[in-house]
Structures are given as C-alpha cells and as structure tokens.
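Every chain is numbered from 1, with letters handed out A, B, ... down the list of sequences.
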Number of protein chains: 2
Amino acid sequence: MSLNTALISVDIVAFRLVKGRLNVLARRIQADGNKPEWMLPAGKIDPVRDQSLDDTAYRQLELLTNKKPGYIEQVVTLGDSQRDSRGWSLTIVYYALIDSSDSEQLAPSAQWLPSDAEALKGQLAYDHSRLVQQALDRLKSKIQYSSLPVYLLPEHFTLSDIHGVFSAVLDKAPPMRSIRNRFLQGDLLIDTGRLKRGSNRPAALYKVNQDSEAWLFDRLYISTR
Amino acid sequence: MSLNTALISVDIVAFRLVKGRLNVLARRIQADGNKPEWMLPAGKIDPVRDQSLDDTAYRQLELLTNKKPGYIEQVVTLGDSQRDSRGWSLTIVYYALIDSSDSEQLAPSAQWLPSDAEALKGQLAYDHSRLVQQALDRLKSKIQYSSLPVYLLPEHFTLSDIHGVFSAVLDKAPPMRSIRNRFLQGDLLIDTGRLKRGSNRPAALYKVNQDSEAWLFDRLYISTR
DNA sequence: GTAATAGTGTCTGTGAGACACTATGCC
DNA sequence: GGCATAGTGTCTCACAGACACTATTAC
C-alpha cells in the first residue's frame with residue numbers, strides 16, 4: 001500500500017477583501033531557487049485535538065489569522081496518484097470567508113495575495129493554484145444565490161458594500177435595486193441605525209442578524225451570469 | 001499517529017427507482033446476532049488501479065452493479081474520532097444515480113433497499129444511514145434546479161416519468177406544466193418520435209441529449225419547498 | 001446652490017404555478 | 001360514444017432588471 005497518512009492534508013483557501021480586491025491567504029515557504037515561495041494554509045489532521053475535519057480546517061486557519069472565520073465550507077476532496085511525487089495523496093479542500101475588519105493579527109509567515117488566477121499560478125507551490133480555482137468557482141457560484149457576500153464584509157456595512165463584494169468576486173454585480181430588494185427581505189440584516197458618512201448622502205449601516213444562518217435564495221442573479 | 005490508511009474509505013450511496021420508489025443499493029454483510037445486515041457499497045482506494053477518487057467510487061459501484069452509473073457526485077468527506085471505534089476515520093461519500101432500465105446484473109450480495117429513512121436506520125450498519133441522509137439531502141436539493149431527474153429514468157422516458165421522479169424523491173412534485181416548460185427548453189431532451197402507449201393517449205418518449213451535461217437551471221421550483 | 005451617492009417608484013420580462021381548455025389514444 | 005392521460009393557452013404572482021425619480025449629505 002503506497003498510500004500513507006503523511007499524504008493526507010486539509011488545505012484552506014481563505015478569502016478576504018483587501019482594498020476592495022479579493023485576496024487569498026498564503027504562507028511563506030522556504031524558497032529554494034526558482035520555486036514559488038507561497039503555499040495555502042494546510043496541515044495534517046491531529047487525531048487528538050481534532051474532533052472533525054472542520055476542526056482541522058479551523059485550527060490550521062487560526063494558526064495564521066488568530067481568529068475564527070465567519071464562514072467555512074468544504075469544497076471537495078481530491079485524491080490521485082499524480083499530484084504528489086511520493087505517490088497517492090488525499091487533500092480535503094475548504095474555503096473560508098474572512099471578514100474585512102481593520103484589526104488583523106496575521107502570523108509573520110502569512111500574507112494576503114491577490115486572487116488573480118494568472119499571478120497565483122506563478123506564486124503558489126504544488127497544485128495550490130488549482131485548489132484556489134476550485135474554491136473560487138464555488139464561491140462565484142454560491143454568491144449568486146446566498147447571503148455569503150456579508151461574510152466578506154466588516155461587522156457593519158452598507159448595501160453598496162455588498163455591491164462591492166460582487167464586483168470583487170465576479171467582476172460584475174447585480175443592480176443596486178436588486179441587491180436592496182434581496183438583502184432587505186426577511187430578517188437577514190439588522191439596521192444598526194448608524195450611518196456611514198462620506199462625502200455625500202450617508203448610507204445606512206447594517207449588520208448580520210446572528211439568528212439567521214447563511215441564507216439560500218431560490219433564484220440566481222441573471223446579470224451576473 | 002493513530003490515523004492509518006485502513007480507516008480511509010470511499011462510500012457510495014447509489015439511488016435507483018424501483019417500481020416508482022426511491023431505493024438505495026446495499027451489500028449484505030455477515031450478520032452476527034442482532035446487528036443490521038446491510039452496508040453501503042464501500043471500499044478502500046486502490047493506489048494502483050485508481051487514478052482518482054472518482055475511479056475508486058466507480059470501481060466499488062461497478063463491482064456490485066456491473067455497469068457504469070449515469071451520474072456520480074462527491075457529497076462530502078467526513079472525518080472524526082467517533083465513527084469508528086478503532087480511532088480517527090475518514091470517509092469520502094459519493095452518491096450515484098442509476099438509470100432504471102429493465103436489465104440489471106446485480107451481484108448476489110447486493111440488493112436495493114427502500115430509501116425510507118426510518119427503515120434504513122435499522123438495516124444499515126455503522127453510521128451508513130446518516131450517510132444516506134446526507135446524500136439524500138443533496139439529491140433533494142439539487143433535483144430542484146438541475147436535470148438530475150433524467151438520470152434516474154430509463155433511456156427513453158416521458159415527461160410524466162420526470163414527474164414521477166420528483167414524487168419519489170421529494171414526496172411532492174411541480175405541476176406538469178412547469179416540468180414541461182423547464183425540460184423542453186434548450187437542447188436538454190431529444191424527442192425520439194416514439195410513443196409510450198398505455199390505456200390512454202400515448203405520451204411522447206424523450207431521451208437525454210448526450211451533448212449536454214447535467215444542466216443547472218437558475219430557479220428553484222417553489223411548489224417543492 | 002452643485003455634486004455625489006443613497007434610496008424609492010414603477011414598468012418590463014421571465015419563469016413558476018393555477019387552471020381551463022383541447023387532443024388522442026383505449027375501451 | 002366515455003374515460004383517462006397528454007399536452008396547450010393564458011392568467012397571475014414573484015422577483016430580477018431598467019430607469020427615472022426623489023432624498024440627504026458635503027462642499
């Protein structure tokens with residue numbers, strides 16, 4: 001049996017908005033020569049500390065970010081004989097959405113990299129740019145019929161901020177009218193009563209209603225396809 | 001490290017319509033005393049024969065059905081320290097849709113069991129009834145916005161047969177009018193020109209357009225929620 | 001006041017659902 | 001012919017999208 005536990009890992013694609021752009025969390029690795037110098041947060045299952053795979057994902061991620069992400073979801077498990085030269089390998093891929101609050105305590109070895117597909121290909125080791133692509137595909141799909149956008153925003157945000165999430169993830173966004181209608185229906189958001197003041201008319205600041213889980217709508221936005 | 005490869009398995013929840021009811025494929029195990037006597041098709045990765053996890057799933061399933069299923073999809077990977085008394089275990093769960101053609105060559109140890117949740121709890125060993133539930137949840141959800149129903153039908157089928165799939169899976173179905181509008185749009189189905197004759201007006205027989213993959217629609221049926 | 005962004009009113013389009021209707025087979 | 005199931009016509013409803021409109025702030 002050439003499959004051993006050294007080749008089982010949980011890899012996390014953590015997304016975050018940095019200056020309005022979608023970024024991916026990466027960890028520096030010892031660069032030897034021309035090799036790419038980054039990898040995704042990843043690690044082995046700790047049979048003692050981890051009660052479940054979700055625990056493994058949370059633990060790996062928190063090692064770098066020092067806080068619990070607002071949303072994680074398993075994407076897929078990949079296993080094949082090609083990806084690792086040592087033989088059969090098994091990778092459970094997660095993605096995580098990190099809220100873009102100001103305070104952040106990243107580990108020194110960690111850094112946010114723009115999620116641009118081409119750039120990542122040159123920067124990420126192993127087949128990690130492919131894992132990012134798969135996680136991104138899922139995010140791009142799910143953002144269109146769920147409340148996921150709010151998990152990329154800070155605690156308090158405006159409806160325009162949601163528009164910004166769509167732009168960052170999909171490079172296009174539904175009209176504000178549609179975002180408004182969708183996100184203000186139900187008990188999804190709570191109006192904090194506070195306003196975001198800028199150079200123009202202030203916008204209402206909302207926060208997530210913690211009573212409600214990530215919500216699934218029953219239609220896709222069409223303008224984003 | 002108490003996690004070893006003996007505890008990695010690929011488990012398949014294969015669905016099929018038997019006399020209009022949703023069934024799940026099970027394999028007989030040596031019953032010792034009062035224990036349940038069935039388990040899901042499952043097995044280990046064969047690092048030599050399997051190029052990928054999908055291969056493992058296909059191989060395990062074909063051992064029992066002797067034919068390739070029309071549709072498989074990975075549901076989730078479960079890992080925790082509770083499910084197997086020997087320690088940490090990892091299970092990659094797939095579901096498969098088997099077309100309900102007449103000819104079938106089941107292995108002697110295999111049998112179709114009604115997918116009724118309560119009944120399965122008493123019949124399936126380990127936590128397999130929970131795996132069925134998770135696969136069924138996915139199927140119930142996805143059937144509402146995809147062309148999956150056709151993968152549970154024989155090669156030639158009528159639009160009423162699709163209605164029957166919804167009834168079997170969800171215990172309710174969209175109106176025929178809606179099924180018609182949805183499934184006859186695009187190039188999803190091909191009218192074979194043949195008719196299914198019964199005691200009443202014959203129905204047009206359709207087949208799947210092999211050019212088109214499993215199709216995703218952009219709205220859920222509402223009557224099925 | 002003007003500029004700029006927030007937010008509303010309302011019309012159109014699409015597809016699900018309701019339901020009455022017609023069509024075509026078996027007996 | 002009657003009956004049963006197949007299939008159509010068409011109205012309503014819900015929600016995405018388009019777009020003109022009003023509202024509220026900074027300056």
Side-chain angles (χ1 to χ4, degrees), chain A residues 20 141-147 149 153 156-167 170 172-207 215-225, chain B residues 20 141-147 149 153 156-167 170 172-207 215-225:
Chain A
S141 164
K142 199 152 185 177
I143 198 180
Q144 295 180 69
Y145 61 91
S146 73
S147 59
L153 292 170
H156 290 176
F157 53 85
T158 69
L159 294 172
S160 291
D161 290 337
I162 295 178
H163 188 274
V165 174
F166 280 99
S167 299
L170 298 172
K172 53 192 167 183
M176 278 305 300
R177 194 72 183 90
S178 302
I179 291 176
R180 223 166 251 293
N181 287 341
R182 173 175 285 196
F183 282 84
L184 292 186
Q185 80 184 33
D187 291 323
L188 213 58
L189 302 184
I190 295 171
D191 188 337
T192 62
R194 297 173 54 191
L195 296 175
K196 181 184 203 169
R197 301 189 164 271
S199 61
N200 298 101
R201 174 175 173 173
L205 280 164
Y206 295 89
K207 62 177 180 180
W215 183 259
L216 302 182
F217 302 100
D218 58 11
R219 282 198 208 182
L220 260 49
Y221 285 119
I222 301 164
S223 58
T224 54
R225 272 190 302 163
Chain B
S141 163
K142 199 154 184 175
I143 198 180
Q144 295 180 70
Y145 61 90
S146 73
S147 59
L153 292 170
H156 291 176
F157 53 85
T158 68
L159 294 173
S160 290
D161 291 337
I162 295 179
H163 187 273
V165 174
F166 280 99
S167 300
L170 299 172
K172 53 192 168 183
M176 279 305 302
R177 193 74 185 91
S178 302
I179 291 176
R180 224 165 250 293
N181 286 342
R182 172 176 286 196
F183 281 84
L184 292 185
Q185 81 185 33
D187 292 323
L188 211 59
L189 302 185
I190 295 172
D191 188 337
T192 63
R194 298 173 55 194
L195 297 174
K196 181 184 204 169
R197 300 189 166 272
S199 61
N200 298 102
R201 173 175 176 174
L205 280 164
Y206 295 88
K207 63 176 179 180
W215 183 257
L216 302 183
F217 302 101
D218 59 12
R219 284 199 208 182
L220 259 46
Y221 285 119
I222 301 164
S223 58
T224 55
R225 274 189 301 162

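Remark: A:Q144 CD to A:F217 CZ distance equals 13.0 Å, nearest 0.5 Å.
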Worksheet, complete the sentence: With B for base contact, S for sugar-phosphate-only contact and - for none (protein heavy atoms under 4.0 Å), nucleotides 12-19 of chain C reads --BBSBBB

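Aromatic ring orientation, A:Y145 versus B:Y145: tilted (interplanar angle from 30° to 60°).
Map B:P202 and A:N200 each onto its nearest nucleotide of DNA chain D; the residue landing nearer the 5' end is B:P202.
Listed pair A:S160 / C:dA6 meets the phosphate criterion, a side-chain N or O lying under 4.0 Å from OP1 or OP2.
Annotation: A:D187, atom CG; neighbour count of heavy atoms from other residues, nucleotides and ligands within 6.0 Å does not exceed 12.
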Worksheet item: Between A:K196 and A:H156, does a side-chain contact (heavy atoms from CB on, under 4.5 Å) hold up when you go through it step by step?
Response: CA-CA 9 Å; A:K196 181 184 203 169; A:H156 290 176; over 6 Å; no

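B:F183 has its ring centre no less than 6.0 Å from the ring centre of B:Y206.
Counting heavy atoms from C-beta outward, B:L216 and B:K142 have side chains that approach closer than 4.5 Å.
In this structure, the CG atom of B:L189 is 12 Å from the P atom of D:dG7, given to the nearest Å. Separating the CG atom of B:D191 from the C1' atom of D:dA6 is a distance of 13 Å, rounded to the nearest angstrom. Between the CD atom of A:Q144 and the C1' atom of D:dC15 there is a distance of 16 Å, given to the nearest Å. Atom CE in A:M176 sits about 15 Å away from atom C1' in C:dA4, given to the nearest Å. Separating the OH atom of A:Y145 from the P atom of D:dC15 is a distance of 19 Å, rounded to the nearest angstrom. Per the geometry, CG belonging to B:L195 stands 17 Å off P belonging to D:dT5, to the nearest Å. We find that CZ of A:F183 is positioned 10 Å from P of D:dA16, with the value rounded to whole Å. Rounded to whole Å, atom P of C:dT5 lies 17 Å from atom CG of A:L205.
Side chain of A:D161 to backbone of A:T158: a donor-acceptor contact under 3.5 angstrom is found.
Not a single donor-acceptor pair, N or O on each side, falls under 3.5 Å between the base of C:dA4 and the side chain of A:R201.
Within 4.0 Å (heavy atoms only), A:T158 reaches no atom of the nucleic acid at all. Within the 4.0 angstrom heavy-atom criterion, only backbone atoms of the sugar-phosphate kind lie near B:R197; the bases stay farther away.
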